[in-house]
Amino acid sequence: MSDYVLAAETPSIADYRRLREVAGLSGKSQEAAATGLPNSWFAVIIRHGGAVVGMGRVIGDGGTAFQIVDIAVEPAHQGKGLGKQIMAALMQHLRQHAPATAYVSLIADGDARHLYAKYGFEPVMPASIGMATRIG
């Protein structure tokens with residue numbers, strides 16, 4: 001794993017959009033990424049040979065509510081524990097800087113729920129149900 005370097009850094013717009021696409025996440029426009037990325041509460045990237053191959057972000061209001069988003073690793077680098085490194089870094093930052101009463105949520109796609117469960121995340125049903133909509 002010494003070939004991989006994790007850094008507390010927001011991904012560039014190009015890396016963000018590319019990683020979302022290659023990891024199978026929904027696409028985001030240049031404009032949306034340019035507006036949203038600077039508003040990250042905390043973010044990490046993983047570099048391999050200088051190239052960004054993984055990322056993850058925390059967004060939120062800084063006090064009451066946070067959401068873990070954009071966990072993405074290039075397919076050629078998956079299965080090497082990089083997702084775990086990203087999650088560990090995000091959770092460590094949350095534990096050190098978010099208030100104890102903060103609510104931290106995420107949306108788990110497919111088998112990613114198994115990774116997130118290792119960090120204390122569990123389904124909220126039946127008490128709550130996740131809901132979403134797309135604008136446009």
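From a predicted model like this one, the values you see are computed outputs, not experimental measurements.
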Quick one: list whatever passes side-chain contact (heavy atoms from CB on, under 4.5 Å) with Arg20, sequence neighbours left out.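 side-chain contact (heavy atoms from CB on, under 4.5 Å) list for Arg20, sorted by chain: Tyr16, Leu25, Ser26, Lys28, Met55, Asp70.
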
Please evaluate residues Lys118 and His114 with respect to the criterion side chain to side chain contact (heavy atoms under 4.5 Å, CB included), reporting the C-alpha separation (whole Å), side-chain torsions for both, the decisive distance (0.1 Å), and the verdict. CA-CA 7 Å; Lys118 294 177 182 179; His114 302 297; 5.7 Å; no

Measure the shortest side-chain to side-chain distance between [X] and [Y] over non-hydrogen atoms and say whether it is less than 4.5 angstrom.
| X | Y | answer |
| --- | --- | --- |
| Leu6 | Ile45 | no |
| His48 | Glu74 | no |
| Leu19 | Pro11 | no |

How far apart are the closest heavy atoms of [X] and [Y], and which atoms are they?
| X | Y | result |
| --- | --- | --- |
| Ala108 | Tyr116 | CB-CD1, 3.6 Å |
| Val58 | Leu94 | CG1-CD2, 4.0 Å |
| Ala32 | Ser29 | N-OG, 3.0 Å |
| Ala72 | Ala23 | CB-CB, 3.8 Å |
| Ala89 | Phe42 | O-CE2, 3.8 Å |
| Ala102 | Gly63 | CB-O, 3.7 Å |

I would like to know whether Glu21 and Arg17 meet side chain to side chain contact (heavy atoms under 4.5 Å, CB included); could you show each step before the answer? CA-CA 6 Å; Glu21 182 179 323; Arg17 294 182 70 214; over 6 Å; no

For Glu9, the side chain to side chain donor-acceptor pair (under 3.5 Å) test, sequence neighbours excluded, returns Arg47

How long is the straight-line distance from [atom2] of [Y] back to [atom1] of [X], given to the nearest 0.5 Å?
| X | Y | atom1 | atom2 | result |
| --- | --- | --- | --- | --- |
| Asn39 | Ile59 | CG | CD1 | 9.5 Å |
| Asp109 | Ile107 | CG | CD1 | 8.0 Å |
| Tyr119 | Met87 | OH | CE | 6.5 Å |
| His97 | Gln92 | NE2 | CD | 8.0 Å |
| Leu82 | Ile46 | CG | CD1 | 4.5 Å |

Could you walk me through whether Arg57 and Trp41 pass side chain to side chain contact (heavy atoms under 4.5 Å, CB included), step by step? CA-CA 8 Å; Arg57 297 191 310 136; Trp41 183 75; over 6 Å; no

With clusters defined by side-chain heavy atoms of hydrophobic residues (ILVMFWY) lying less than 4.5 Å apart, directly or transitively, does Leu106 cluster with Val69? no

Rest of the hydrophobic cluster containing Tyr103 (Ile/Leu/Val/Met/Phe/Trp/Tyr, side-chain heavy atoms under 4.5 Å)? Val124

Side chain to side chain contact (heavy atoms under 4.5 Å, CB included) partner of Ile86, chosen from Leu115, Ile68, Ile71: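 Exactly one candidate clears the test, Ile71.
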
State yes or no: are the ring centers of Tyr4 and His77 separated by less than 6.0 Å?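 That pair passes the under 6.0 Å test.
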
Test side chain to side chain contact (heavy atoms under 4.5 Å, CB included) on Leu90 and Val44; report intermediate values, then the result. CA-CA 8 Å; Leu90 298 180; Val44 297; 4.1 Å; yes

